[in-house]
Amino acid sequence: MSDKATLIIDGQKYDFDMITGTENERCIDIQSLRDTTGCITMDPGFANTGSCYSSITYVDGAKGILRYRGYPIEEIAEKASFVEAAYLILYGELPKADQLKAFSARLKEHAPIHTNLEHHFSGFPKSAPPMAILSAMLNLISCFHPEVLEVPTTGAEFDRTASLLLSKVRTIAAFAYRMASGKPINHPNPHLTYCGNFLHMMFSDPYQEYEVSPVVDRALNLFLVLHADHEQNCSTSTVRVVGSSRANLFSSVAAGVCALWGPLHGGANAAVIKMLEDIRQSGRPASYYIDRAKDKNDPFRLMGFGHRVYKNFDPRSIILKKQVYNLLEALKLDDQLLEIALQLEEATLKDDYFISRNLYPNVDFYSGILLRAIGIPLNMYTVMFAIGRMPGWIANWKELHDHKLRISRPRQIYTGSRARTFVPMTER
Ligand code: ACO
């Protein structure tokens with residue numbers, strides 16, 4: 001294979017190095033393009049643009065492959081807890097028993113939030129979207145822990161900061177839900193697992209301690225593991241762009257939460273359930289919604305379908321679908337929305353519009369049904385995604401610093417007016 005790519009502009013040849021990744025993915029290194037040719041590239045949506053080297057997560061969209069640090073998602077989902085997967089994503093290796101113990105102990109230590117931070121929750125209106133609260137509160141943490149503003153990306157201080165964030169995000173999420181529901185907050189219980197503790201903070205009541213069922217604990221672990229990282233998606237790229245200005249970790253991930261919120265990204269998990277509910281309540285057949293999704297004059301899209309990278313299947317959606325069946329059976333639940341989801345999936349698999357555009361269920365299509373079965377309220381679905389994605393965001397922020405990347409600063413092609421003279425108010 002050639003190690004150079006040649007570009008011809010106005011008859012002049014320019015050579016650029018070819019770069020090959022671990023899995024033989026190829027790229028043209030155009031870092032010198034503007035200096036040597038005076039041109040830039042145009043790639044809105046960055047579908048063909050590599051923004052970094054990364055050793056965290058590998059995705060092969062054509063083959064439906066997802067690996068964290070080389071381990072297939074199928075194996076991690078089956079064998080690892082979320083805490084174990086988070087350690088792997090952050091540090092690059094599966095933890096040994098003593099490392100996992102120390103990491104879990106740090107997560108327990110950092111679960112409580114500062115009492116003064118707690119008071120801020122009451123300042124939000126009852127209708128405040130939990131994603132807005134989460135983003136604001138993550139930014140606020142740094143005011144209570146000013147030492148995190150100067151975070152080294154290695155050593156004990158990074159270990160502490162990463163654990164603090166991974167742990168507190170769960171406490172903030174649960175407190176946001178309790179406050180919005182007008183219920184007293186539940187402080188973290190150090191005797192519970194990462195997921196068990198979250199469920200306790202969400203659902204325990206003063207006279208009724210929430211009993212964490214192992215089936216639900218496992219399902220939540222699996223949900224979080226499947227969301228733990230997904231290379232350079234919209235929110236992770238946002239974390240990197242913000243972090244590239246050397247903004248602190250907390251403000252970088254707060255921006256990531258905002259990016260995740262949108263319905264084309266993490267917000268799709270709630271949008272799927274709203275869509276399925278709509279179908280259920282309207283009594284209309286799946287075909288009505290499929291026709292709307294295909295109609296280019298209708299902005300409606302089939303939520304939970306399609307992916308920028310996966311063009312065959314999303315392995316996370318296959319694992320989640322199986323887990324949804326297991327969970328509903330174990331909890332003896334019957335969810336009509338699952339039936340509707342299956343009808344939609346079946347119909348799209350036979351429809352040329354979806355086949356020709358490679359539109360298949362993505363991670364968000366079945367995840368909402370799992371969260372519903374656990375009892376998570378709809379407005380918390382994307383918050384759940386954010387809790388899961390935290391290891392990926394932190395690891396990418398760390399990698400950005402380890403690689404000493406330059407500030408992110410894309411170029412543009414200007415299409416506005418040419419230079420003109422200012423017109424005084426009386427002459428406009
Ligand atoms: N329903 C109907 N048509 C769709 C859908 C959909 N869900 N998704 C894509 N298409 C169509 C587009 O209209 C376009 O058709 P055209 O070629 O005739 O113009 C074609 O498929 C390609 O779509 P793009 O929007 O160009 O694909 P892109 O890679 O930019 O977007 C995205 C990917 C945002 C995921 C898109 O498929 C979508 O909007 N899906 C629904 C929202 C969703 O589920 N988001 C979650 C993604 S997973 C995640 O972020 C965790």
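Heavy atoms only: backbone and side chains are in, while hydrogens, waters and symmetry mates are out. Just so you know, ligand 1 is whichever comes first in the structure, and atom 1 is the first atom listed for that ligand. One is the number of the first residue; the rest follow in order along the sequence.
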Self-check item: Pairs involving residues 23-50, ordered by first then second residue, that meet salt bridge (Lys or Arg N to Asp or Glu O under 4.0 Å) (sequence neighbours left out)
Solution: Glu23-Arg67
Exercise. Compile the protein residues with any heavy atom at a distance under 4.0 Å from an atom of ligand 1; present them by chain, then by number.
Key: Pro263, Leu264, His265, Ala268, Ala293, Lys296, Arg301, Leu302, Met303, Gly304, Phe305, Gly306, His307, Arg308, Tyr353, Arg357, Leu359, Asn362, Val363, Asp364, Phe385
Exercise. Answer yes or no on whether Arg170 is positioned over the face of Phe198, meaning its NZ or CZ is under 6.0 Å from the six-membered ring centre and within 45° of the axis.
Key: no
Quiz prompt | Under the ring-ring contact (aromatic ring centres under 6.0 Å, His included) test, residues paired with Tyr210 that sit two or more places apart | solution = Phe203
Quiz prompt | Sequence neighbours excluded - salt bridge (Lys or Arg N to Asp or Glu O under 4.0 Å) pairs with any residue from residues 370-396 | solution = Glu277-Arg372, Asp335-Arg372
Quiz item: Once you round to the nearest 0.5 Å, how far does OG1 of Thr171 lie from NE2 of His187?
Solution: 10.0 Å
Quiz item: Is NZ or CZ of Arg69 both nearer than 6.0 Å to the six-membered ring centre of Tyr71 and within 45° of the ring axis?
Solution: no
